[in-house]
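Here is the naming used below: chain letters follow the sequence lines, and residue numbers restart at 1 for every chain.
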2 protein chains.
Amino acid sequence: MTATKVTLKDVAARAGVSYQTVSKVLNGEMQVAPETMERIQAAVQELGYRPNRIARNMRAGRSFMIGYSWTQTEPGQVNHILDQFLSSMVREAGAVNYFVLPFPFSEDRSQIDIYRDLIRSGNVDGFVLSSINYNDPRVQFLLKQKFPFVAFGRSNPDWDFAWVDIDGTAGTRQAVEYLIGRGHRRIAILAWPEDSRVGNDRLQGYLEAMQTAQLPIETGYILRGEGTFEVGRAMTLHLLDLSPERRPTAIMTLNDTMAIGAMAAARERGLTIGTDLAIIGFDDAPMVQYLFPPLSSVRQPIAEAGRKCIELLVAIVEGREPEQKHILLQPSLIIRASS
Amino acid sequence: MTATKVTLKDVAARAGVSYQTVSKVLNGEMQVAPETMERIQAAVQELGYRPNRIARNMRAGRSFMIGYSWTQTEPGQVNHILDQFLSSMVREAGAVNYFVLPFPFSEDRSQIDIYRDLIRSGNVDGFVLSSINYNDPRVQFLLKQKFPFVAFGRSNPDWDFAWVDIDGTAGTRQAVEYLIGRGHRRIAILAWPEDSRVGNDRLQGYLEAMQTAQLPIETGYILRGEGTFEVGRAMTLHLLDLSPERRPTAIMTLNDTMAIGAMAAARERGLTIGTDLAIIGFDDAPMVQYLFPPLSSVRQPIAEAGRKCIELLVAIVEGREPEQKHILLQPSLIIRASS
């Protein structure tokens with residue numbers, strides 16, 4: 001529509017080199033002397049021959065695109081953490097003249113095939129991965145391909161790759177230490193299934209805080225299940241039905257949705273949240289400050305995680321040695337009336 | 001890293017054409033006979049010369065990228081509507097082999113400059129715009145450029161462009177009709193400033209429902225302000241401080257955040273929400289079902305809006321006449337205990 005009429009031939013003429021040279025240089029197939037490169041670059045820019053993309057690719061032989069697989073959320077649900085993360089990456093990438101290219105998870109094809117295609121087609125210079133777990137096949141594949149990537153999250157401890165993560169252990173530890181400091185002794189935790197690496201990291205903080213305070217760790221206070229409202233509610237009803245001397249006075253949960261389920265259960269049993277039962281969530285979702293009572297929660301520095309992932313990946317893509325290949329960010333405890 | 005060693009020269013040799021022909025065809029500068037095109041295409045594919053991107057661009061002279069400006073949300077806030085919208089577009093675009101390229105709003109440069117750059121650099125084939133308002137400069141610019149775009153939202157009635165929108169008037173009308181049907185007569189609405197096209201559309205539904213029921217429209221019941229928790233709370237406190245015979249029995253709000261502010265105000269005044277005061281929000285944010293009491297709200301078909309935007313834009317980009325250039329989707333009222 002607004003396609004420029006400038007052709008490769010025009011660029012070649014202006015730069016004083018052959019058509020073939022310009023073509024090869026622009027296709028990243030030929031190295032030329034710096035002054036020739038400069039002349040071509042100047043011609044490209046003066047003539048406005050798709051200036052940004054070509055000029056940049058010419059310098060670098062790159063697409064300036066960062067692939068990011070956006071995990072599909074359940075219908076009606078929003079994963080505000082990953083939305084914030086993507087939004088932060090788009091902003092940070094834009095600031096260093098890269099684009100983030102989100103691509104969907106496909107049910108028809110293996111995820112690995114999509115990564116392979118994106119690499120082979122030259123669409124991306126590197127990837128950021130999220131929702132990492134143990135034995136992650138994407139990490140395995142990209143390590144084998146030696147293709148640049150940064151993971152938001154850790155995987156198997158013996159795999160060597162660049163990652164940015166948030167210290168879930170520290171987050172839960174801080175919250176449980178706070179509860180202990182407020183005099184709570186019977187503290188339960190609503191945790192996730194054992195195959196969740198993130199869940200295990202967070203649970204570890206509970207164990208550490210209890211051990212440090214020399215409080216007994218009772219398996220009856222560690223409940224595991226999916227991180228939903230219904231599971232949080234059912235687990236809490238179960239805990240509240242224990243005999244009075246066994247019933248916990250505080251509940252820590254590994255995400256806010258479970259905490260909201262716990263609040264509903266407490267309300268059903270006629271308890272005043274914050275007084276009869278303390279509840280702390282994890283994630284600090286945008287709306288939990290408006291709950292009644294407002295929910296205490298562990299806030300993750302998501303915007304910073306997005307920024308660090310982009311910084312680290314761009315350094316790797318551009319062949320610069322990153323200062324740190326492993327970046328562990330600290331969450332912070334936000335205290336509100338629920339605890 | 002995994003860059004293929006196949007060159008243009010190899011492709012030319014395999015296709016039995018000159019280097020220059022292949023180069024020009026791949027750069028979209030030359031038309032060749034269909035059988036030559038087929039040979040080049042076959043050579044590209046057999047040799048694996050960046051197969052996807054080049055083969056597709058060769059056929060179409062396009063980037064298969066759809067630009068989308070992702071409006072920055074306030075720190076700590078999430079715009080779940082736009083997140084859901086982007087997520088839906090990424091999925092739908094992926095299904096027809098396009099990518100969505102989100103780019104950030106930049107404070108340093110005019111938004112228009114970014115659109116111009118993306119067009120000139122050949123990075124995108126078209127745009128989807130959201131957060132449209134009256135006199136939107138992006139709509140003006142893209143119409144003038146004759147560059148393909150679809151707007152999620154309407155602008156000035158006399159501007160002719162493709163859009164997908166959700167019928168905000170119908171959403172509010174449905175909610176207010178429901179309140180009238182429940183016997184409410186003194187119904188207030190927490191609306192937005194007059195320069196918001198979306199806000200005016202939604203307010204219109206209130207006016208229509210009241211008029212149809214032959215209820216008086218009192219300016220004291222129409223409050224305007226930013227759609228925040230604090231504004232919703234303050235407006236509701238003001239309404240609840242009216243004399244008992246003037247005090248509204250129901251409040252409609254133009255978004256959920258204002259409704260949550262209204263709930264907080266009602267609680268402060270010792271009112272039971274749903275009994276003493278009915279409240280209905282707009283957006284059906286993922287967490288409002290977990291509020292106490294759960295909030296009634298108008299749900300927007302966001303995933304469908306994303307799908308329709310992609311369908312419409314791809315039709316325009318590919319030169320097919322779309323069946324409909326204006327698509328108005330219907331929201332639905334979700335009734336919960338707050339009303």
Side-chain angles (χ1 to χ4, degrees), chain A residues 1-4 7-8 19-20 23-24 26-27 29 48 50-54 61 65 70 72-73 75-78 80 83-84 86-87 90-91 93-95 99-104 106 117 119-123 145-148 229 257 260-261 263-264 267 285-288 290-292 303, chain B residues 1-4 7-8 19-20 23-24 27-29 48 50-54 61 65 70 72-73 75-78 80 83-84 86-87 90-91 93-95 99-104 106 117 119-123 145-148 229 257 260-261 263-264 267 285-288 290-292 303:
Chain A
M1 302 270 175
T2 50
T4 162
T7 65
L8 277 186
Y19 175 90
Q20 205 152 333
S23 169
K24 282 188 175 168
L26 295 191
N27 284 286
E29 292 176 4
R50 293 192 169 189
N52 289 339
R53 181 162 202 141
I54 297 290
M65 301 261 178
W70 208 11
Q72 209 158 343
T73 44
Q77 294 284 335
V78 169
H80 80 101
D83 292 342
Q84 254 185 287
L86 176 57
S87 161
V90 166
R91 198 163 52 240
F99 287 105
V100 173
L101 195 63
F103 57 94
S106 160
D117 271 8
I119 295 173
R120 290 176 60 180
S121 63
N123 265 315
Q145 295 281 317
K146 295 192 170 65
F147 197 80
F229 174 87
T257 312
I260 296 168
M263 288 173 79
R267 209 177 277 123
M287 273 172 65
V288 304
Y290 302 131
L291 293 172
F292 183 71
Chain B
M1 300 267 179
T2 51
T4 165
T7 65
L8 275 187
Y19 174 90
Q20 204 152 336
S23 170
K24 281 188 175 167
N27 284 286
E29 291 176 4
R50 293 193 167 184
N52 289 337
R53 181 164 201 139
I54 297 290
M65 301 261 178
W70 208 11
Q72 209 159 342
T73 44
Q77 294 285 335
V78 170
H80 80 101
D83 292 341
Q84 254 184 288
L86 176 57
S87 163
V90 166
R91 199 161 54 241
F99 288 104
V100 174
L101 194 63
F103 57 93
S106 160
D117 270 8
I119 296 173
R120 288 176 62 179
S121 62
N123 265 315
Q145 294 282 317
K146 294 192 170 65
F147 197 80
F229 173 88
T257 312
I260 296 167
M263 289 173 79
R267 209 176 277 123
M287 273 172 64
V288 303
Y290 302 131
L291 292 172
F292 183 71

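Annotation: the span from Gln20(A) atom CD to Tyr19(B) atom OH amounts to 5.5 Å, rounded to 0.5 Å.
Closest heavy-atom contact between Pro104(A) and Gly94(B): CG-CA, 4.1 Å. What you find for Tyr290(A) and Thr257(B) is that their closest heavy atoms are CE1-CG2, 4.4 Å.
Of the atoms belonging to Val100(A), it is backbone heavy atoms, and not side-chain ones, that fall under 4.5 Å from chain B.
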